[in-house]
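Each chain gets a letter, A, B and so on, in the order its sequence line appears, and its residues count up from 1. Since the model is a prediction, treat every value here as computed from it, not as a measurement. Scope of the values below: all heavy atoms of this structure, side chains included, with no hydrogens, waters or symmetry mates.
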Number of protein chains: 2
Amino acid sequence: MKAETRRLTRKSDHTRQRILDAAASTLANRGYAGTSIKAIADSIDMQDASLYYHFESKDALVLEVLRTGVVLSEEAVNAAVSALGEQPDPIDALRAAIVAHAEAVLGMGDYPRANVRNFGQLPQEIVSAQMSHQRRYGKVWRNLIEAAMASGRLRQDMNTRAMRMLILGALNWAPEWYKPRGELSPGDVGRQMAAMIIEGLLATGAAQPVRRQKQGNGR
Amino acid sequence: MKAETRRLTRKSDHTRQRILDAAASTLANRGYAGTSIKAIADSIDMQDASLYYHFESKDALVLEVLRTGVVLSEEAVNAAVSALGEQPDPIDALRAAIVAHAEAVLGMGDYPRANVRNFGQLPQEIVSAQMSHQRRYGKVWRNLIEAAMASGRLRQDMNTRAMRMLILGALNWAPEWYKPRGELSPGDVGRQMAAMIIEGLLATGAAQPVRRQKQGNGR
DNA sequence: GTCTATACGTCGATAGAC
DNA sequence: GTCTATCGACGTATAGAC
């Protein structure tokens, strides 16, 4: 694309982004059913009809928000694992991934939250369109668990699908109860979840205490 | 209520129950947004207007379905814990509760599933009206975890709220991925979840293998 | 690009015949 | 008890002026 063209579309791009942000916020807080085009438009002082200049339909807009949410989560998890080096310990990698996903859905804003909070309640056509991205992210987790399993460090008597879903279910539920101004930061929740999932709830010698970290949003 | 009166309302009661069952099924499978009065009425070959003879409003109907779902789950959990005797081991009690809740949301039909699948996406007024029942069930879990915590058998470095939510999040997510005709029965999933949650994912001497049980819906 | 106006479907809910 | 008919509000989306 030429610089000329890019300059011409700048205002359009900016408005488009404002609409996406507003849609992400409304989706994260009120759900798909409560997210009308009018509600989105109202929140940025725009007429609902004007929105159709930027997006073909409500579903196209929603889809882009959800897709962004998955991509952000995936990037966060991949970055956290990559930060461990070339051949990370597979349990460390799993732990880092759990913390990163928790931080994404609790602390990275509206997009990842919009994605996980609406996952189970979307119309079939949106689910289908979103599937490929969701699958790719699912594969990241499948690989993490397979690597940990292959290392012999995970118990071999469990269904790996159940393992994966235990992790994602517990983490994706967190936005329903987490209070941003409470005593735990998103990272704190992530580390507690990781510790409980990996080492279990029982008090044993194996369990290492989890240190709470000071963060800006602590009280 | 006199026998006379009861007899007169029998047909009404029967129809009322059919409506509730249809609503539970639609709610469990299509979510609150996809559950219109017409959709419910259609599924039992009735006109949507006729439904208002039995229920004051859509919300009243939905509320009764959700309330039934919580009550069924609560009764299942209480029964499972009570079956352990007067002074059960608190870890055994927690394990039994996890299995019972899993069996409820995966194998007890539409009502518990309708409840957990819609929890995060309901209009504010329904949430408020449902709160008292949800709280009572939450207290059952708080008591279970407090008892286990007080016994010193659970690690003391974790937030108990995070513990409770880890458990319920993992279990309430199960209906999203569980395949009724797959190799695992609801009880199998419950026992695997309980084992992973309580003893963790790591292979250690502490972890006991979980036996899979034969059930009618196995393949 | 954004506006006003409007088409058109579906929603929950009511009125009144039978 | 269940039906047909209908109301008003709100949903997505389009047409056309500016």
**Q** Do you know which two heavy atoms are closest between A:Ala93 and A:Val81, and how far apart they sit?
**A** O-CG2, 3.9 Å
**Q** What is the distance from NZ of A:Lys38 to P of C:dT10, rounded to the nearest Å?
**A** 22 Å
**Q** Expressed in angstrom and rounded to an integer, what is the separation of A:Ile37 atom CD1 from D:dT12 atom P?
**A** 5 Å
**Q** Give the rounded distance in Å between these two atoms: CD1 of B:Ile40 and P of C:dT10.
**A** 17 Å
**Q** Reading DNA chain D from 5' onward, which residue's closest nucleotide shows up sooner: B:Thr15 or B:Asp48?
**A** B:Thr15
**Q** Looking only at side chains, do A:Asn115 and A:Arg67 share a donor and an acceptor under 3.5 Å apart?
**A** no
**Q** Can I get a per-line list of side-chain donor-acceptor pairs under 3.5 Å for residues 168-176 of chain A, giving both atom names and the distance, sequence neighbours left out?
**A**
unit_1, atom_1, unit_2, atom_2, d
A:Asn172, OD1, A:His101, NE2, 2.7
A:Asn172, ND2, A:Leu168, O, 3.3
A:Glu176, OE1, A:Arg117, NH2, 3.4
A:Glu176, OE2, A:Arg117, NE, 3.1

**Q** Using distance alone, with no hydrogens and no angle criterion, decide if A:Gln17 and A:Asp13 have a side-chain donor and acceptor under 3.5 Å apart.
**A** no
**Q** Quick one: is D:dT2 close enough that its OP1 or OP2 comes under 4.0 Å of any side-chain N or O from B:Ser12?
**A** no
**Q** Can you tell me how far C1' of D:dT2 sits from CD1 of B:Ile19, to the nearest Å?
**A** 11 Å
**Q** Could you give the CZ-to-C1' distance, from B:Arg16 to D:dT2, as a whole number of Å?
**A** 17 Å
**Q** Considering just the side-chain nitrogens and oxygens of B:Ser50, establish if one lies under 4.0 Å of OP1 or OP2 belonging to D:dT4.
**A** no
**Q** Cation-pi check for A:Tyr32 against A:Lys58: NZ or CZ below 6.0 Å from the six-membered ring centre and within 45 degrees of the axis, yes or no?
**A** yes
**Q** Can you pull out the residues from residues 53-64 of chain A that lie within a 4.0 Å heavy-atom distance of DNA chain D?
**A** A:Ser57, A:Lys58
**Q** What nucleotide, of D:dC3, D:dT12, C:dA13, holds the atom closest to the side chain of A:Tyr52?
**A** D:dT12
**Q** How many whole angstroms separate atom CG of B:Asp42 from atom C1' of C:dC11?
**A** 13 Å
**Q** Measuring from the side chain of B:Ala49 (C-beta onward, heavy atoms only), which nucleotide among C:dT4, C:dC11, C:dA15 has the closest atom?
**A** C:dA15
**Q** Taking only residues at least two apart or on different chains, which pairs with a member in residues 118-138 of chain B satisfy salt bridge (charged side-chain N to carboxylate O under 4.0 Å, His left out)?
**A** B:Glu74-B:Arg136
